[in-house]
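All values derive from a computational prediction rather than experimental measurement. Side chains included, hydrogens not; waters and symmetry mates left out as well; all remaining heavy atoms used.
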Amino acid sequence: MEAESEPYVRLATMRQLHQAVADLNTARSLADTLQSVADGIVTGLGYELGCVNLVRPDGDLVVAAFAGNSAAEALITGRVGSRESWERRLSMGEEWDELRFIPHTEGWVLLDDDVPQWHTDGPEPRFEDEWHPLDRLYAPMYASGGGLDLLGVISVDRPRNGRRPGAWGREALQMYASQAAIAISNARLRANMQRALVRLEREQQALRASEESFRQAFEYAPSGMAIAEMGGDQHGRLLRTNDALCRLLGRPASVLRRYSFADLVHPEDIGTLLRTSAEGGRAELRLGRRDGTYLWVSLRNSVVADTTDGPRFLLTHVEDIEERKRNELNLAHRASHDALTGLPNSAELRSRLSARLCERPHSVTSSAIEALDAAYGDSSVHGYRMDGYEGEVAPGVGPYDHHVHIAAPDPDHDDGTKGLAVLFCDLDGFKSINDRFGHHAGDAVLIEVARRLTTCVRDGDTVARLGGDEFVVLADGLGAADAADLAVRLRNAIIPPIRVDGRAVRVGASFGIGWAECGMTDEEVLHSADQRMYVEKRSRSKVHRRAG
C-alpha cells in the first residue's frame, strides 16, 4: 500500500482494493466468503498476514479464515479466543476511528492471553513510523455495517512497505472491514436461506409422500371413505369419495359429490346424524342406495385440520354393518317372537301391554293434597280431582305427564267409551289333534290359526301367542259391542277345517274379553281376560251337554 505522503494513490492500488471487495460478494458459501475476506487483506490491502475471527453463538471468537502463511493457517485456524480477552484487546491501545492499534510497547501484556495469534519476525524498527513485529492492528466488524453488535474482528500483521498505515491505509482497512461485515452477513443469510430451502424441500417431499400414502390409503381402503366440507354454506357436502363407498351405495363419485350425508340418510336416522359429533363422532344409521333400498352403516368422523385456517375438512369412515344389524334384528325378533308361529311371544305381549298402562296413584293425606294445591294451584284448574272419599287421587287426572290414560267401557251401558280390548283365546279340541296325529300336526294347526287370527285384525292390533294353544289379541279403540263382534269374527275364522298332511282337522275356540285400564298391571289384565274365557268355555260346555 502506498504511503499517504505521496501526492496521489496509484491506480493499481485502487484496482486491487476494488477487486478484493468484489471478491467478497462473489463467494458462494459462508466459508468461501470468510476466506475471501482473509485473502483480500493480503492481495488488496497489502498486508503480509490476514486473519478473520468470527463471533460464535456463545460469544467467543473463532479463527474462521487465515491468509499469508500456510504454517500459521494450519496452526491457529479453528482455535477459539474468549470474548473477555477480545474485549480487553479492543479497549487497549490507540483508537484509529473504528480501528484499534496496539503498539509493541503495550502489546507485551497480551502474550499470555488465550487469543490465538501469530506475527512475523523482523528487526527492531529504526524509524518512528516503522512496523514492529509485536505491533497489533484490529478492524472490528459490526453487523449491518456498524453499531455495537460485534460480528467479528479482522486482525492484520506487517504491511508490506514496513510502515504503520497512514490515513489512506487506515481508511482503506476500515472500509474493507465494513464491506466484509456486509458480505459475511449476506453469506450467513444465504446459508440460512439455503438450509431453510433444503429443510422446506425435505418437508415438501415428506408432505408429498404423506399425501401419496393418504391418497392410496383413501382410494384403496376396503371400506368406504369420504371427505366432506366442514363449516360454511356447503357444510357436509361430499368432496371426495373412494371406490368402496361408491360400490357400497351404488352411485358413481361424480353423483355423490352432489350430496351430503344428510341427503342420503334414512329419514328416521336424520336425528342420529345431527347428534353425531364432528370430532371423533360415531353413529350407526341407514344410507340410501341408488336402487332405493337402505343399508346399515357405521360412520366414524375425524377432522382434517389446516394449520393456518383451523379445521377445514371432515374425514368420514363408512363401514358396512348390514349383516351385523340383520343378525341383531333377528336376535331381537327371536327374543320377542314365537319361534313356531312368528307372533309376538308372552314377553313381548306383556311389554306392549305395560307400555299402555300407568300405575295406580297411591293414597295421599290431606296435607299431601294441600301440597299438590300449593305446587300446581287449584285442582279444578290443573285437572286433578278427589274421589268421594278423602285421600285418593283419581287415576288419569293428576298432574303426572302427557300419558293418555285408558279406561274400560261399561258393557251394560254403551256410552261411546272406547278402550283397549284384550281377547284371550284358547283352542278347543287341540289336545285330541296332538294325541291322534302327533305334534307335527298340532304345530301345523297352530301356524294356521295364527295366520287366520292375524288376517282378521287391523293394522296396529297385536296377535300374540301366550303359550301352548293360547293366543291373545290386543285391539285398541273398541267399544264393548265392537269387541264382542271381533271375538265372533275370530272364532268364525278358526272354525273352518285345516288341512294337515292331506287330512282335514277342526278346532274350536273360546274367547274371553278383558279390558286394560290404567291402575292395573299387565298380569291383572291378562288374568281378567283368562277368567272370562274360562267362564265362556264352561257356559258353552253346559250348552253342548244340554244339547246332547
Side-chain angles (χ1 to χ4, degrees), residues 1 13-14 16-47 49-68 73 76-102 115-117 136-157 159 165 167-196:
M1 183 69 64
T13 305
M14 288 292 294
Q16 290 176 357
L17 180 60
H18 174 75
Q19 185 60 46
V21 173
D23 291 342
L24 299 180
N25 299 310
T26 58
R28 291 173 175 257
S29 65
L30 177 60
D32 290 343
T33 300
L34 293 171
Q35 190 59 50
S36 296
V37 172
D39 293 340
I41 296 169
V42 176
T43 60
L45 297 180
Y47 291 92
L49 298 178
C51 180
V52 181
N53 302 273
L54 197 63
V55 176
R56 301 192 312 180
D58 62 3
D60 293 339
L61 280 75
V62 62
V63 178
F66 196 93
E73 180 180 0
I76 67 174
T77 299
R79 292 176 57 188
V80 178
S82 66
R83 184 64 175 262
E84 182 181 1
S85 297
W86 273 107
E87 293 287 355
R88 185 173 64 159
R89 289 186 177 223
L90 296 179
S91 64
M92 292 174 58
E94 303 174 12
E95 292 186 10
W96 293 354
D97 199 358
E98 293 185 2
L99 305 179
R100 181 68 64 173
F101 176 70
I102 303 176
V115 173
Q117 51 191 342
R136 294 171 174 84
L137 179 58
Y138 302 115
M141 296 180 293
Y142 297 99
S144 301
L148 300 177
D149 187 9
L150 186 66
L151 183 65
V153 179
I154 295 175
S155 60
V156 300
D157 190 27
W168 159 248
R170 298 173 189 177
E171 182 70 22
L173 179 59
Q174 184 170 312
M175 181 192 70
Y176 186 76
S178 177
Q179 293 298 315
I182 295 173
I184 292 172
S185 296
N186 290 340
R188 279 182 165 173
L189 289 174
R190 286 195 301 270
N192 291 338
M193 186 178 296
Q194 289 173 352
R195 284 193 293 269

- Message: One thing to verify: whether E87 and R83 come together as a salt bridge, which I'm taking to mean a side-chain N less than 4.0 angstrom from a carboxylate O.
- Response: yes
Name the atoms and distances for all side-chain donor-acceptor pairs under 3.5 Å in residues 30-42, with sequence neighbours left out.
unit_1	atom_1	unit_2	atom_2	d
D32	OD2	S29	OG	3.3
T33	OG1	S29	O	2.9
Q35	NE2	D39	OD1	3.0
Q35	NE2	F66	O	3.1
S36	OG	D32	O	2.9

- Message: Using modelled atom types and a 3.5 Å cut-off, is there a donor and acceptor pairing between side-chain atoms of E98 and backbone atoms of Q174?
- Response: no
- Does the side chain of L54 come within less than 4.5 Å of R188's, by heavy atoms? yes
- Query: What are the two closest heavy atoms between Y47 and L173, and how far apart are they?
  - Reply: OH-CD2, 4.1 Å
- Task: Hey, could you give me the CZ/CE distance between R88 and M92, rounded to the nearest 0.5 Å?
- Result: 6.5 Å
- Mind checking salt bridge (Lys or Arg N to Asp or Glu O under 4.0 Å) for D58 and listing every partner two or more places apart, or none if nothing turns up? R56
- To the nearest 0.5 Å, what is the distance between CG (L90) and CD (E95)? 10.5 Å
- Query: Does CE in M193 sit with more than 12 non-hydrogen atoms of other residues, nucleotides or ligands closer than 6.0 Å?
  - Reply: no
- Close side-chain approach of P165 to L137, heavy-atom, < 4.5 Å: yes
- Task: Of all the heavy-atom pairs spanning A139 and A177, show the shortest one and how long it is.
- Result: CB-CB, 3.8 Å
- Query: Where is the tightest heavy-atom contact between S185 and L151, given as atom of each residue plus distance?
  - Reply: OG-CD2, 3.7 Å
- Task: Using ring pair (Phe, Tyr, Trp, His ring centres under 6.0 Å) as the criterion, point out the one residue from F101, W96, W86 that pairs with Y138.
- Result: W86
- Query: Do V156 and L45 have side-chain heavy atoms sitting under 4.5 Å apart?
  - Reply: no
- Message: As an exercise, state the distance from CG of N53 to CG of L61, rounded to the nearest 0.5 Å.
- Response: 6.0 Å
- Side chains of R100 and E94 in contact at under 4.5 Å (non-hydrogen atoms): no
- d(L99 CG, E171 CD) to nearest 0.5 Å is 9.0 Å
- Determine the minimum heavy-atom distance between D60 and G81, stating which atoms define it. CB-O, 3.5 Å
- Closest contact, heavy atoms only, M141 versus A181: CB-CB, 3.8 Å
- Query: Between Q117 and I76, which heavy-atom pair has the shortest distance, and what is it?
  - Reply: O-CG2, 4.4 Å
